[in-house]
Protein chains: 2
Amino acid sequence: MALQTITQDALVESLFEIIRCHGYEGTTIALLSDITGLKKSSLYHRFPAGKDDMVKAVVLYVSAQLQQLIIAPLLERQVAPEERFSKMLVTVKAFYGGGNKNCLLNVLSLGEAKDDIKTLLKQDYAAWFAALSALAQDAVLTQTEAEVRAEQFLIAVQGALVVQRLTENPPTFDNCMAYAQKQFFKSSDG
Amino acid sequence: MALQTITQDALVESLFEIIRCHGYEGTTIALLSDITGLKKSSLYHRFPAGKDDMVKAVVLYVSAQLQQLIIAPLLERQVAPEERFSKMLVTVKAFYGGGNKNCLLNVLSLGEAKDDIKTLLKQDYAAWFAALSALAQDAVLTQTEAEVRAEQFLIAVQGALVVQRLTENPPTFDNCMAYAQKQFFKSSDG
DNA sequence: ATTATTATACCGAACGTTCGGTACAGTGAC
DNA sequence: GTCACTGTACCGAACGTTCGGTATAATAAT
């Protein structure tokens, strides 16, 4: 068997960084070729179904990352809820490059990606939401209140990413995350 | 002057709806032609500098709308702050179609639009932020606290739009706005 | 050990299509 | 007739995609 010049994982990681930055329409095969070092025809060897195939691979990769690095730790019930949340925030900050990198969920739900891809994105959101809601319920809260907190947090994540990209003001995301943590665990509504 | 088949304002309004929906790369001249009913040559007659010219016109149109419908009412100091905010929320909900329409600031800051366009977007955000901050200061708050509230609200707007687009769950945006209003005027932090 | 065969990985060149943009001839109100 | 506007035809470039072919590595038979 011939040697791969780049592993599939590293390749998908590269595609991910390009797509999250340029969006669906903004990502051209030529650009992918330039950055990965693989020629266009080679990319089609790895992903026979073309661009949508590449995007799908990226989404599945991100789903796995989300599950492994964010959701699973959120559900470790032997750890205190606050600590689980804190560890998630560390991961999240790194994942979004301190707010300087876009969220694939935002980027791809804007573009004209295929329906099955949008379904995957929706599932990713739902999984994260469910894990946060479960965590909030571990921390005393009722189910309905827990769901509100979970949604509010995810809204804060997406909103802070948009605002920081817009203003190019780096501390926005980190500040917002710190504030969101306080809100998530506060005892009652003010 | 020969008769225009469509007024410039109505034309720009059409372009706006297409661009906010499809993004910069996703918006093609052919699509603009199809939806506006004007042939390409007519579009280029109206906007000699081409696509960027059209996008710029849309951004300037939105800037004017923002200034007139959102920012100016926010600064009417003879009206009570809570009422000003409430009226803004009505306008905002309509502007974003109850959360079903995208924000141009998000859409265009993602795409590879020209720098001067991104500068305009940044100014729009800053103007809205400043007006909200001034409003919050009218309602007792300190300047730093007012700026936090303003940013939190704008983050909520952008985040709720992303999340609702992602989940296709309509009440998300309106619910979030109602919650954001309470947060904006609450007395002290919890 | 040598050979033939198969499978994988990659590339250069070209495909048909669509992109944004242009040139120019009509058309209709003044 | 003039001039603002619109329609048809067209352009080069870039798009996503396909194809023919090469190089290397594993496999099987001799």
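All values derive from a computational prediction rather than experimental measurement. Just so we're on the same page: letters track the sequence lines, and every chain starts at 1.
A salt bridge links B:Asp138 with B:Arg84: at least one charged nitrogen is closer than 4.0 Å to a carboxylate oxygen. Using a 4.0 Å cut-off between charged side-chain N and carboxylate O, B:Lys122 and A:Glu168 make a salt bridge.
B:Ser33 comes within 4.0 angstrom of no nucleic acid atom, judged by non-hydrogen atoms across all strands. A:Thr28 comes within contact range of the sugar-phosphate backbone alone, with a heavy-atom separation under 4.0 Å but no base atom that close.
B:Asp34 places its CG atom 10 Å from the P atom of C:dC19, with the value rounded to the nearest Å. Between the CG atom of A:Leu32 and the P atom of D:dA14 there is a distance of 17 Å, given to the nearest Å. As rounded to whole Å, 17 Å separates atom C1' of C:dT22 from atom NZ of B:Lys51. In this structure, B:Leu38 places its CG atom 16 Å from P of C:dG21, rounding to the nearest Å. The nearest whole Å value for the distance from the NE2 atom in B:His22 to the C1' atom in C:dT18 is 16 Å. C:dG20 atom P lies 16 Å from atom NZ of B:Lys39, rounded to whole Å.
DNA chain D is contacted by both A:Pro48 and B:His45; B:His45 maps to the nucleotide lying nearer its 5′ end (nearest heavy atom per residue).
Comparing D:dC15, C:dC11, D:dT17 by their closest approach to the side chain of A:Ala30 singles out D:dC15.
Put simply, CG on A:Leu69 and NZ on A:Lys87 are 13.5 Å apart, with the number rounded to the nearest 0.5 Å.
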